[in-house]
Protein chains: 2
Amino acid sequence: MPEDREVTIYDIARYLNISAATVSRGLKNNPMISKNTRKKIAEAAKSLGYQSNTFASSLRSRHTHTLGVLVPRLNSHFMSSALAGMENAANRHGYNLIIAQSLEDVEKEKRNAATMFNKRVDGLLISLSYNTQDIHHLEPFFKRKIPVVFFDRVYPHDESTSVGINNQEAAYNITKHLISQGCRKIMHLGGNLLRNVYQERLAGYRKALEDHHLPFSKKLYLTGPLSEQAGADAARYILDLPAEERPDAVFSANDTAAVYCMLTLKTAGLRIPEDIAFAGFNNDPISRVIEPNLTTMDYSGDSIGNTAATYLINHLKGISNLYTTNAITLRADMVIRASSLKNKLP
Amino acid sequence: MPEDREVTIYDIARYLNISAATVSRGLKNNPMISKNTRKKIAEAAKSLGYQSNTFASSLRSRHTHTLGVLVPRLNSHFMSSALAGMENAANRHGYNLIIAQSLEDVEKEKRNAATMFNKRVDGLLISLSYNTQDIHHLEPFFKRKIPVVFFDRVYPHDESTSVGINNQEAAYNITKHLISQGCRKIMHLGGNLLRNVYQERLAGYRKALEDHHLPFSKKLYLTGPLSEQAGADAARYILDLPAEERPDAVFSANDTAAVYCMLTLKTAGLRIPEDIAFAGFNNDPISRVIEPNLTTMDYSGDSIGNTAATYLINHLKGISNLYTTNAITLRADMVIRASSLKNKLP
DNA sequence: TTGTAAGCGTTATCAG
DNA sequence: CTGATAACGCTTACAA
């Protein structure tokens, strides 16, 4: 008959004729314990099939080796790569991830934050939902000094760190690139300005126009959910514009909208990039399938996730201090592809 | 000065002059407790800012309200949708998800399984890595009667349930469709036969050939990782074949390989579907971007994830019984698109 | 270097 | 319907 009770440190202690306290220390390689007893403990643990009980441990020690991850959606290329990066970092350092999605809904974000808090995560990694206005719902974390790291869609906050890229610079560069290709009426497809990423991309776009003495026109700035539908709608909008007002380029704040806009315009007979050039953002897999391939900004979700998680863990381990670094900016590289090349290269 | 100790059921008990046991019961809406006291308890809990301590609860009650999810990779369209579906179901029932990825490596899968076991997940949702040979590493779960649900890449096992689609039938239908379009030399791009999904898709393909009196040719069956590279390689292979041996259609076990094969063949000047028709599997977003759009099998990762998680949770709640149902088969629908339409429709 | 003993906050058992 | 009390398995002062 199989024993049903768990194997505890007491079993190991009894087996070795030492105290449970010693076993507890030995198990975590506490240097206070002699090398020899530590070895014996490790062996006994293995042979008895001991598995530490994380609840007992968490209950007593008040930390859980678990990080909460709160994202808008799990199923986007960027987000799932970011998660993969976090999982990697966490796994490497003996941490686990509890993951929840807000589905772009603030209310669900609030509920999830509460759950994470309740589950006593050691730290929180969060990317805000589309329409989150403020971060009151994170107050419990701040109050208890549970470190919070924002990534991608961040929020300015003195006591936490943000991990992302320089969206303004990236948007500036990509717009400048379009200008250098001879485009003069560049349209921008943007997202909700509540989110820094879209706000900054718009700013970079406007700055580039300004620096090149091109006017900003409200008629060439569309804002929306950047979905497939939004991309197709933008195309309709463009086609409905009188010929002389039509943009000669589109810079979209994400690849999805760019690609579906392209597809619709192509169906309508426009040539890309001859009639209208395109640039997107994210380097999503679809950007390499659309023809012509889409010029875009490449930045690795994997790196962002990895960096954010590693940084959080280092903070938890006392190796670094979150509160001294407000932002970590990773590099983003422009990937120039045929969709934006009006001046054919040699 | 903020109190640092947690608010416990004892605080509530003292506040209401009742016992902690009553509070504990009241908090979980135990019908034993009078409606009135239950209400008072709920109110007191709220006003004192009580947060239940899940560790204490887990330690005592021996269950964690946490499900382990073990997947090959987090960052594929199918997998992230499946996770989204699971997260949804879990969230709805008050469960949390601990997620880890094996990166297609058995060894990491083993380590992750051990961690999940150690974290005392209430149940496990798993999709096997590319080269997992057996499931010895899940024995601890079986021994302790911790329910395991396989999804997508499953493994036959008496005491667990598998959730997926009928891959053989799907592959049969898609191959039959290609045949109905006049294709006679249909190539198959397959994956590792250790995984049921690829094994079954191959079987369906072969069965369809057989039923239509078409020969199966080893020259037209390539197996590999079904990656972008693998797709491009397959194209090279096709191009290197003497003209009379070239396939007039390709059925790929996933969309990625199909799409990259198409792209390479198109670059080489082949026309799709005129010279060679295409069908894939998964209904990945890229299948709707490639031109011509790719005929494929649509089955929802979201539903699979949702079904698997819901089923697991129902089992945990005693509503259903895992051990009586060996497999749940969800529907998969063929999505016919231009890539396979040799006989133009009216 | 090791042992003793007091919790961590909850739930289960048994009694009323 | 409610209460007292003993665990659950581990960590950590404090003592030896």
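Proteins come first, then strands; the chains are lettered A, B, ... in the order of their sequence lines, and each starts at number 1.
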What nucleic acid atoms does [X] come within less than 4.0 Å of, heavy atoms only: base, sugar-phosphate, or nothing?
| X | result |
| --- | --- |
| B/Ser58 | nothing |
| B/Ser57 | sugar-phosphate |
| B/Thr54 | nothing |
| B/Thr37 | sugar-phosphate |
| A/Lys28 | sugar-phosphate |

- [ ] Take A/His63 and B/Ile33, find for each the nucleotide of DNA chain D with the closest heavy atom, and name the residue whose nucleotide sits nearer the 5' end.
- [x] B/Ile33
Task: First of B/Ser61 and B/Ser19 reached from the 5' end of DNA chain D, by closest nucleotide - done: B/Ser19
At less than 4.0 Å, is any side-chain N or O atom of [X] found next to OP1 or OP2 of [N]? Yes or no.
| X | N | value |
| --- | --- | --- |
| A/Arg62 | D/dT11 | no |
| A/Ser24 | D/dC10 | no |
| A/Ser34 | C/dT1 | no |

Task: Side chain to side chain, A/Ile146 and A/Phe117, heavy atoms closer than 4.5 Å - done: yes
Just how far, in rounded Å, is [atom2] of [N] from [atom1] of [X]?
| X | N | atom1 | atom2 | answer |
| --- | --- | --- | --- | --- |
| A/Asn29 | C/dT1 | CG | P | 13 Å |
| A/Ile9 | C/dT2 | CD1 | P | 15 Å |
| B/Arg120 | D/dC8 | CZ | C1' | 11 Å |
| B/Leu27 | C/dT11 | CG | P | 8 Å |
| A/Lys40 | C/dT2 | NZ | C1' | 12 Å |
| A/Leu48 | D/dG9 | CG | C1' | 16 Å |
| A/Asn53 | C/dG9 | CG | P | 17 Å |
| A/Gln51 | D/dC10 | CD | C1' | 15 Å |

Task: C/dG3 base / A/Arg25 side chain donor-acceptor hit below 3.5 Å - done: yes
- [ ] Would you kindly check whether a donor in the side chain of B/Arg60 faces an acceptor in the base of C/dG9, or vice versa, at under 3.5 angstrom?
- [x] no
Open item on the list: Using a 3.5 Å distance criterion without hydrogens, assess whether the side chain of B/Asp11 forms a donor-acceptor pair with backbone atoms of B/Thr8.
Closed with: yes
- [ ] Of all the heavy-atom pairs spanning B/Gly85 and B/Asn306, show the shortest one and how long it is.
- [x] O-OD1, 3.2 Å
Open item on the list: I want to confirm an ordering. Mapping A/Tyr10 and B/Ala21 to their closest nucleotides on DNA chain C, which one lands closer to the 5' end?
Closed with: A/Tyr10
TODO: For the side chain of A/Leu59, starting at C-beta, report the closest nucleotide among C/dT1, D/dA6, D/dG9.
DONE: D/dG9
TODO: Before accepting this row, confirm whether a basic side-chain N of the pair A/Arg195/A/Glu104 lies closer than 4.0 Å to the acidic partner's carboxylate O.
DONE: no
Open item on the list: I'd like to know if B/Lys110 pairs up with B/Glu139 as an ion pair, taking the criterion as any Lys NZ or Arg NE/NH1/NH2 lying under 4.0 Å from an Asp or Glu carboxylate oxygen.
Closed with: no
Task: Ring geometry between A/His65 and A/Tyr95 (parallel below 30°, tilted from 30 to 60°, perpendicular above 60°) - done: tilted
